[in-house]
Amino acid sequence: MALILASASPRRKELLEQVGCDFTIMPSAAIEDNAAALSPRDLAIANATAKARDVAERVGEDDVIIGADTLVFLADKVFPR
């Protein structure tokens with residue numbers, strides 16, 4: 001079993017290193033749809049899930065994948081990055 005970060009985010013890498021995790025970085029090729037008609041919470045969950053599923057297709061079934069997404073929003077309006 002391996003712990004895999006489905007992200008190239010330097011900040012996420014730093015956070016996992018700070019807590020002493022032994023992990024591999026495997027960026028996801030999933031495309032984020034920040035225009036989807038979802039609440040910011042559901043949009044972040046959908047994007048994180050898509051990233052994790054993309055990586056899951058390339059690794060072993062016993063591996064643990066961390067998919068994450070960060071959104072900036074105000075009054076339910078998502079701001080572009």
Side-chain angles (χ1 to χ4, degrees):
M1 180 188 84
L3 179 62
I4 300 168
L5 175 61
S7 172
S9 165
R11 181 65 179 139
R12 290 191 182 99
K13 175 182 179 277
E14 179 184 355
L15 289 170
L16 288 176
E17 289 172 341
Q18 285 178 357
V19 296
C21 286
D22 181 21
F23 65 98
T24 300
I25 294 174
M26 186 176 290
S28 170
I31 297 172
E32 299 175 14
D33 182 5
N34 291 336
L38 299 170
S39 70
R41 176 186 182 274
D42 289 341
L43 184 56
I45 291 169
N47 285 339
T49 301
K51 293 174 189 178
R53 285 187 175 152
D54 174 66
V55 170
E57 293 176 0
R58 298 182 266 147
V59 299
E61 63 183 46
D62 291 334
D63 293 334
V64 175
I65 300 144
I66 298 173
D69 191 50
T70 303
L71 297 173
V72 176
F73 65 95
L74 176 65
D76 288 336
K77 178 184 180 340
V78 177
F79 288 82
R81 295 175 197 216

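Values below: every heavy atom of this structure, side chains too, minus hydrogens, waters and symmetry copies.
- Think of I45 as one node in a network of Ile, Leu, Val, Met, Phe, Trp and Tyr side chains linked at under 4.5 Å; it has no links at all.
- Of all heavy-atom pairs spanning K51 and A68, the tightest one is NZ-O, 2.9 Å.
- Here the closest non-hydrogen pair linking L43 and V78 is CD2-CG2, 3.8 Å.
- Among residues at least two apart or in separate chains, there is no salt bridge (Lys or Arg N to Asp or Glu O under 4.0 Å) pair with a member in residues 35-50.
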Distance-only check: which donor-acceptor pairs under 3.5 Å involve side-chain atoms of residues 55-63, not counting sequence neighbours?
from	atom 1	to	atom 2	distance (Å)
R58	NH2	P27	O	3.2
R58	NH2	D54	OD2	2.7
D63	OD1	A2	N	2.9
D63	OD2	G60	N	3.0

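- Closest approach of L71 and A44 over heavy atoms only: CD1-N, 3.6 Å.
- Among all heavy-atom pairs drawn from F79 and F73, the shortest one is CD1-CA, 3.8 Å.
- Other cluster members for L3: M1, L5, L16, F23, I25, V64, I66, joined by side-chain heavy-atom distances under 4.5 Å among Ile, Leu, Val, Met, Phe, Trp and Tyr.
- In this structure, CG on N47 lies 10.0 Å from OG1 on T70, to the nearest 0.5 angstrom.
- Taking each heavy atom of S28 and A50 in turn, the nearest pair found is OG-O, 4.4 Å.
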